[in-house]
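Below is one structure, written out as structure tokens; the observations come after it.
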Protein chains: 2
Amino acid sequence: MKPAHRKIEAPRVTVDIVIFTIEEAKLKTLLIKRKFDPFKNIWALPGGFVRSKEDIYAAALRELSEESGISGVYLEQLYTFGSPKRDPRGRVITIAYFALASRQKLRIRSASDAKDAGLFSVDDLPRLAFDHKEILEKALERLGNKIQYTNVLWSLLPEYFTLGDIQRVYEIIWGKKADKRNFRKKLLSLGLLKPIGKLRKGLRRRPARLYQFKTKKYVELKRFF
Amino acid sequence: MKPAHRKIEAPRVTVDIVIFTIEEAKLKTLLIKRKFDPFKNIWALPGGFVRSKEDIYAAALRELSEESGISGVYLEQLYTFGSPKRDPRGRVITIAYFALASRQKLRIRSASDAKDAGLFSVDDLPRLAFDHKEILEKALERLGNKIQYTNVLWSLLPEYFTLGDIQRVYEIIWGKKADKRNFRKKLLSLGLLKPIGKLRKGLRRRPARLYQFKTKKYVELKRFF
DNA sequence: ACAAAAGTGTTTTCATTACACCCATGG
DNA sequence: CCATGGGTGTAATGAAAACACTTTTGT
């Protein structure tokens, strides 16, 4: 590039991605089993090195697509982890990202440096490589806050869904039940949803109205629930 | 260090710090005039390279102390900026930090690579080097949010202060007036303050009660104002 | 007929907002 | 005596929380 590199030993820089989704009424995250040392055969967050001329957000998008076959989901920067000891190979700083995807969008496939890939409930995680547990905890905290004042959790739902579906997602993330009438009242009053005029039938119960989001772009609300 | 460095060209990594303070009833930030190219003689955020074995938070603390002579103030990671074009010398990723200090604590002194240093009102900024304007805007946004659900802005105030002082700080950051009675009612109901039993006299008006914070550690509230 | 979730309003409680006057001091 | 901010309470409004029963379907 340019000459100006002086004496500072440059760390290497990676991106790691916490991808949340809902499956089997649980909040889950995508992990990759490492194929190489260090932490060979230990589960880790998907991620990889930032390329020389690549924007860090673009790097996160690339990793997201490589390791989970998805695009068009919510992705934001989470936090940067830079303890000098976090990687036994040497100095590696990682910029963690935070993604939300509906289960339908996720196509889990193994990438070149991963032996296996899978979804794990955040309540029941295996041992994680590096400081990835800490990263995951930060992501969970962010998720819990974020759904209170934005519409991002729409990214966790499929195109059409019922009010029951969406309430279940909230309850999973918050870990507690909400009152059905109050929930629906509040949610509908926000004006983010429109009914598509169809019902979901075929389950052995009363059919529910299906809704979709008027818009899928990020909206910050004063406060949510 | 270790051998594992493969083919990836490592970016260099810096920290930059947005230090906010209140002076002359304005929200101000510390800027340093650059002594060298690129952007020679242009104002920039204080910052510098992360050292090889230095934690990034420690690097931010070090820069904070070198360039503003302060310690014991509020400091948190803000965001990481990593556009490949942000530094004309080559790839530099910066981890931005966000600090709050009372004017009394700030000892502005020029560091080795700075020609000059000064406080600038955020409403009236000079041209800034690199993408520092973008960083500052992100910091302002964070500040505005943060004072709504935490007690951090205590870092902007001196040890003892009046309710009028603290209200003024809020009004400066929010850019609008608050009702005195409601403000005091709410603030006192939070239970974060204790009166020290003295009055601030000597101004040509009625003396005001002085308060201090019961604790100076970071507290998140459900919601603030 | 039964199980399971869908759907629907009213009341109570609490927090926020709006609002106006007297007080104590220094100059 | 005047200018300046200090100090105080109440009523109206609006948002959140508590609360239970009927409906519709598939099996």
Side-chain angles (χ1 to χ4, degrees), chain A residues 22 24-25 144-145 147-151 157-158 160-172 174-212 220-225, chain B residues 22 24-26 145 147-151 157-158 160-172 174-212 220-225:
Chain A
I22 303 277
E24 297 165 342
N145 289 328
I147 59 170
Q148 289 180 51
Y149 65 96
T150 70
N151 65 347
L157 290 159
Y160 306 116
F161 50 86
T162 67
L163 296 181
D165 293 340
I166 196 169
Q167 183 171 349
R168 250 164 261 127
V169 174
Y170 269 100
E171 290 174 345
I172 289 165
W174 282 339
K176 65 178 183 196
K177 294 283 173 193
D179 178 87
K180 203 201 307 185
R181 282 167 294 190
N182 292 338
F183 185 89
R184 293 155 100 94
K185 205 187 312 169
K186 180 72 183 291
L187 190 61
L188 292 174
S189 78
L190 296 172
L192 297 166
L193 304 185
K194 63 175 177 213
I196 63 167
K198 289 187 172 184
L199 299 177
R200 174 191 290 167
K201 304 174 85 165
L203 280 55
R204 54 174 173 144
R205 56 176 175 265
R206 178 172 175 178
R209 277 198 274 273
L210 287 164
Y211 290 81
Q212 71 178 160
E220 289 205 1
L221 310 163
K222 250 147 289 263
R223 198 190 184 194
F224 208 56
F225 281 99
Chain B
I22 303 278
E24 296 165 343
K26 286 184 172 17
N145 289 328
I147 58 170
Q148 290 179 50
Y149 65 95
T150 71
N151 65 347
L157 290 160
Y160 306 115
F161 50 87
T162 68
L163 295 180
D165 292 339
I166 195 168
Q167 183 170 350
R168 252 164 258 126
V169 174
Y170 269 98
E171 290 173 343
I172 288 166
W174 284 340
K176 64 179 184 197
K177 295 281 174 194
D179 178 88
K180 203 200 308 181
R181 282 168 292 189
N182 293 337
F183 184 89
R184 294 156 99 96
K185 202 189 314 169
K186 180 72 183 287
L187 190 62
L188 292 174
S189 77
L190 296 173
L192 297 166
L193 303 185
K194 62 174 179 214
I196 63 166
K198 290 187 169 183
L199 299 176
R200 175 191 290 166
K201 303 175 86 165
L203 280 54
R204 53 176 173 141
R205 53 177 175 268
R206 176 173 178 179
R209 276 198 275 271
L210 287 164
Y211 291 81
Q212 71 178 158
E220 290 205 359
L221 310 163
K222 252 148 284 267
R223 198 192 184 191
F224 209 57
F225 281 98

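A note on names: the letters A, B, ... follow the listed sequences, proteins ahead of strands, and every chain is numbered from 1.
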Exercise. What pair of heavy atoms forms the shortest contact from B/Arg200 to B/Phe161, and how long is it?
Worked result: NH2-CA, 4.1 Å
Exercise. In whole Å, what is the span from the CG atom of A/Leu188 to the C1' atom of C/dA6?
Worked result: 13 Å
Exercise. Under the 3.5 Å rule, do the base of D/dG7 and the side chain of B/Lys180 count as making a donor-acceptor pair?
Worked result: yes
Exercise. Side chain of B/Arg184: nearest nucleotide among D/dT8, C/dT8, C/dA4?
Worked result: D/dT8
Problem set entry | Donor-acceptor pair present, A/Arg206 side chain and D/dT23 base, under 3.5 Å | yes
Problem set entry | N/O (side chain, B/Lys186) to phosphate O (OP1/OP2, C/dT16) under 4.0 Å | yes
Problem set entry | Upstream residue (5' side of DNA chain D) when A/Asn182 and A/Leu203 are each assigned their closest nucleotide | A/Asn182
Problem set entry | Earlier contact from the 5' end, DNA chain C, for A/Arg209 and A/Arg204 | A/Arg204
Exercise. Looking at D/dA20, does its base get a donor-acceptor pair with the side chain of A/Arg181 below 3.5 Å?
Worked result: yes
For this session: Scan B/Leu163 against the nucleic acid and name what it touches under 4.0 Å (heavy atoms): base, sugar-phosphate only, or nothing.
Result: nothing
Exercise. Should A/Leu190 and A/Asn151 count as side-chain neighbours, where that means a heavy-atom distance under 4.5 Å?
Worked result: no
Problem set entry | Pairwise 5' ranking along DNA chain D for A/Pro207 and B/Arg168, keeping only the more 5' one | B/Arg168
Exercise. Going by modelled atom types, is there a donor-acceptor pair between the base of D/dT10 and the side chain of B/Lys185 at under 3.5 Å?
Worked result: yes
Exercise. Which pair of non-hydrogen atoms, one from A/Trp174 and one from A/Gly144, has the smallest distance, and what is that distance?
Worked result: NE1-O, 4.0 Å
Exercise. Do B/Thr162 and B/Leu210 come within less than 4.5 Å of each other through their side chains, counting heavy atoms only?
Worked result: yes
